[in-house]
Amino acid sequence: MTNVMSAHATAPAVSCRGLVKRYPDVLAVDGLDLDVHPGECFGLLGPNGAGKTTTVEMLEGLTTPDAGDITLLGERWGQGHDRRLRQQLGVQLQETKLSEKLTVRETVRLFRSFFDEGREVEAVMDLAGLQEKAGARVGKLSGGQKQRLALACALVGAPKVLFLDEPSTGLDPQARLRVWEIVEQFKQLGGTVILTTHYMEEAARLCDRVAIIDHGKVIAQDAPAALVDSLGARQVITFTADGDIDQAELAALPGVRSVIRQSESWVLNVEQAGPVLPSVINALAARGLQMERLSTHQATLEDVFVHLTGRGLRDE
Ligand code: ATP
């Protein structure tokens, strides 16, 4: 609680207003406003193509916006302080291409040399759990080890703000957990993190707040738990039926908070699945229908996205 209050009392570490980026075929970012407070982990959550990477690349000063204002640690890009600004940022791009021939230690040293001040190379390798692989060539590392090396390179300049673009995509659960621990340690030291992800578990675990992005716009923004609470439902029932049923009829059943049609499936946000299920089955039976593919789960950020858009985060 104290952290949240003190974070809000100070100027944002990163903020943008009316950010726009247009590519020939698509309006990738469509008027985005964000405020990221010092010491918080802020997540941009959204499906493929939502505009997350384009947004962070503009914040990082790698892509020039078509419109809008960005303030980072009290400075703006292109005002003569870009180098000083860059020295305070750690960036892990979605795909970091590191030289395969260098060893892990040489790579971290190389990145350290880009910064006037920073952390000890050995300490960062410890933090990233890379000491065992210090002498190994980058080309021989596993996916998880490469991702940890990319993180080590982003951390070695002792950044104030760390940008992570899908840091655990493609990693197995154990490797993902290790990446999360490294991010959490950075946060414990007071660092600010901006993270893009399409994994709800990652957003829920790491982020103090998330902005859900769709078609270049923020469609919801809050703490992960508050976003899930906004559904007004704790559990979700998903099923398909072997024929048509009226959405209003499902919505009128006791205990059902909202109903969404998501391609072939019905998605019911409910307080408790147990008491609602028999009445759903009865309503279907009254029309001579049967329930097919049924599942129930605790509500997550994914359900918030489905509720807001009628689509899943991984539909597109
Ligand atoms: P992902 O999770 O797949 O990385 P994203 O939310 O990060 O998706 P962006 O990579 O920002 O989304 O892409 C947003 C839109 O802009 C997409 O339609 C994409 O095809 C388009 N886009 C991104 N970069 C470029 C580019 N350099 N030239 C043209 N179009 C681009």
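Just follow the structure's listing: the first ligand is 1, and inside any ligand the first atom is 1.
- When the heavy atoms of Asp165, Leu45, Thr53, Val26 are ranked by distance to atom 18 (O) of ligand 1, first place goes to Val26.
- Looking only at distances, a side-chain donor or acceptor of Thr192 sits under 3.5 Å from a matching main-chain atom of Gly39.
- Among protein heavy atoms, atom 4 (O) of ligand 1 sits closest to Gln94 NE2, 3.1 Å.
- For atom 11 (O) of ligand 1, the closest heavy atom belonging to the protein is Thr54 OG1, 2.5 Å.
- Seen from the ring of Phe115, Arg86 does not count as a face-on cation partner, given the 6.0 Å and 45° thresholds.
- Between the side chains of Gln235 and Thr296, no donor-acceptor pair of N or O atoms lies under 3.5 Å.
- Side-chain atoms of Arg257 do not come within 3.5 Å of backbone N or O of Asn269 as any donor-acceptor pair.
- Side-chain atoms of Asp242 come within 3.5 Å of backbone atoms of Gln290 as a donor-acceptor pair (strictly under, hydrogens ignored).
- Side chain of Thr103 to main chain of Glu106: a donor-acceptor pair is present (N/O by atom type, distance under 3.5 Å, no hydrogens or angles).
- Taking atom 3 (O) of ligand 1 as the reference point, the nearest protein heavy-atom neighbour is Asn48 ND2, 2.9 Å.
- Note on Arg76 versus Asp69: salt bridge recorded, some NZ/NE/NH1/NH2 to OD/OE distance being below 4.0 Å.
- Ala28 CB, 3.3 Å is the protein heavy atom nearest to atom 16 (O) of ligand 1.
- Among all non-hydrogen protein atoms, the one lying nearest atom 12 (O) of ligand 1 is Gly51 N, 3.1 Å.
- For atom 2 (O) of ligand 1, the closest non-hydrogen atom of the protein is Lys52 NZ, 2.9 Å.
- The single protein non-hydrogen atom nearest to atom 8 (O) of ligand 1 is Gly49 N, 2.7 Å, given as residue, atom name and distance.
- Here the protein heavy atom with the shortest distance to atom 27 (N) of ligand 1 is Tyr23 CE2, 3.6 Å.
- With hydrogens and angles disregarded, no donor-acceptor distance shorter than 3.5 Å links the side chain of Trp266 to the backbone of Ala241.
- Within the 4.0 Å heavy-atom criterion, the part of Pro47 lying near ligand 1 is the backbone and not the side chain.
- Atoms of ligand 1 found under 4.0 Å from any heavy atom of Ala50, numbered from 1 in the order shown, are 5 (P), 6 (O), 12 (O).
- For ligand 1 and Glu166, the ligand atoms under 4.0 Å from any heavy atom of the residue are 2 (O).
- By the definition of a contact as any protein heavy atom under 4.0 Å away, atom 20 (O) of ligand 1 is not in contact.
- Using a distance-only test at 3.5 Å, with no hydrogens or angles considered, a donor-acceptor pair links the side chain of Arg148 to the main chain of Gly129.
- For atom 23 (C) of ligand 1, the nearest protein heavy atom lies under 4.0 Å away.
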